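Worksheet: one structure, shown below.
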Amino acid sequence: MFSLWRKARRENSAASRLLGSTSLRFALHGWQRGKCRDENTRSEMKTMVAANQKGGVGKTATLVHLAFDALERGLRVGVVDLDTQANASWTLKEFASGYTASQMFDQSSDEVRAWFNGEVTDEPCIRLVESDAKLANMETKKLAEVGATFRSNIAALADSGFDMILIDTAPSLGVGLAAALIAADFVLSPIELETYSIQGIQKMVTAIANVRQANPKLQFLGMVPSKVDARNPRHGRHLQELEAAYPQLMIPERVGLRSSIADALASGVPVWKIRKTAARKAAKEVRALANYVFNKMEIA
Ligand SMILES: Nc1ncnc2c1ncn2[C@@H]1O[C@H](COP(=O)(O)OP(=O)(O)OP(=O)(O)O)[C@@H](O)[C@H]1O
Ligand SMILES: [Mg+2]
């Protein structure tokens, strides 16, 4: 029991060091020297990452709903699930492309293009690059080794016709998150208004700022309070504190604590397809958030 706890602590601190300033810059230095060849040929595809090293704060719920909303806007959306928990993969399983997340780190851009050749037509679609067990190996590799391949393969998805890529990440400051952030144009951080979640926010903001030194095009869309209980005074207090501490980083939308969202995730549909009166409020909030995010990303 104790050795397990010590092991988890060791792994965690190694991952945190990676996204801490010195080690991250060092790791990215190696990556920058081997810049991917597709960089200048990238189309207008936009890539967004949902990131927060705290678990259970609504990353997957938000990302999946952005994917459903984008589909209804007529976009061709790729969802890459970099979390071995595979929650997004479960909810979006009907959209599985057969391509797996670990292949995004192991295969060449030509292999990615070959796989998706003809898969993406003019029709709006969601194609899921699903989480697989091999993804766990990637956390043992160096960012300098896998970061360039992942970024290059995200660019290959642009060549395959996707308008947007949404990347779901695991709740840890690890190689997967760093690779996603150096490949992305935008990052969005759902947060929970609970004490433990608030305590980790500065670390997350610092990690994103550090990555921006290596990927200056990365824009932090901000933090969106999720699972907000309007009747809970602690939530109200934490929201005020956050708005005072991070006035530029707080997104002016929020998603309430609503069981219809959990129902939707469990049923593989967006919350606006849940036939309950209570789902209407949730749908309105999620749609407003999607509007905000897609406006900022300049997506029609
Ligand atoms: N607005 C909401 N209201 C109620 N429940 C929610 C809401 N958003 C998400 N949930 C539920 O809370 C749990 C955590 O949400 P979610 O999986 O989206 O968080 P996460 O940040 O992706 O977690 P992890 O870090 O473990 O991947 C899930 O069971 C989900 O169904
Ligand atoms: Mg998740």
Side-chain angles (χ1 to χ4, degrees), residues 8 11-12 15-16 19 48-69 79-93 101 128-132 135-136 139 166-174 176-178 180-181 187-194 196-201 203-204 207-208 221-232 234-235 238-239 251 253-274 276-290 292-293:
E11 281 166 3
N12 245 339
S16 302
L19 281 159
M48 196 208 78
V49 182
N52 188 337
Q53 84 277 7
K54 179 80 182 72
V57 296
K59 293 182 289 293
T60 303
T62 304
L63 184 121
V64 161
H65 278 94
L66 290 177
F68 281 128
D69 190 273
V79 175
V80 181
D81 187 356
L82 291 189
D83 185 356
T84 50
Q85 295 180 99
N87 298 146
S89 298
W90 197 88
T91 296
L92 298 176
K93 56 184 179 297
L128 168 71
V129 174
E130 69 195 292
S131 164
D132 59 324
L135 195 54
E139 284 299 325
L166 300 173
I167 308 176
D168 197 18
T169 58
S172 73
L173 291 170
L177 175 59
L181 290 174
V187 51
L188 173 72
S189 294
I191 53 167
E192 211 183 351
L193 297 173
E194 291 294 355
Y196 289 171
S197 175
I198 306 287
Q199 283 166 352
I201 280 173
K203 211 185 225 182
M204 185 190 69
I208 292 170
L221 294 170
M223 301 185 268
V224 57
S226 196
K227 301 165 82 171
V228 180
D229 181 354
R231 286 168 304 184
N232 183 336
R234 196 175 54 252
H235 281 201
H238 283 155
L239 185 56
I251 288 180
E253 304 294 344
R254 47 203 96 281
V255 178
L257 182 67
R258 308 203 182 278
S259 61
S260 51
I261 292 194
D263 292 343
L265 296 174
S267 313
V269 295
V271 69
W272 46 89
K273 296 245 165 96
I274 297 290
K276 275 188 192 166
T277 317
R280 281 200 212 125
K281 271 190 183 160
K284 214 170 150 204
E285 290 170 344
V286 172
R287 293 283 204 191
L289 175 63
Y292 179 90
V293 167

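On a predicted model such as this, the values are computed, not experimentally measured, just so you know. Order of listing sets the numbers, starting from 1, for every ligand and every atom in it.
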Geometry only, no angles: is [X] polar-contacting ligand 1 at N/O separations under 3.5 Å?
X    : value
K59  : yes
D168 : no
V57  : yes
L265 : no
A262 : no
A61  : yes
L257 : no

For ligand 1, the portion of T60 having any non-hydrogen atom under 4.0 Å away
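Answer for T60: both.
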D83 and ligand 1 - part of the residue with a heavy-atom distance under 4.0 Å
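It is the side chain that gets close, since no backbone atom is under 4.0 Å.
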4.0 Å protein heavy-atom contact status of atom 2 (C) of ligand 1, strictly under
yes
Any protein heavy-atom neighbour for atom 31 (O) of ligand 1 (distance below 4.0 angstrom)?
yes
For atom 11 (C) of ligand 1, which candidate among R258, E285, K227 provides the closest heavy atom?
K227
I'd like to check V79 versus L128 (side-chain heavy atoms, cut-off strictly below 4.5 Å). Are they in contact?
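Yes; the side chains approach each other to less than 4.5 Å.
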What count do you get for protein N, O or S atoms closer to the Mg ion (ligand 2) than 2.8 Å?
1
Heavy-atom gap A88 to ligand 1 smaller than 4.0 Å:
no
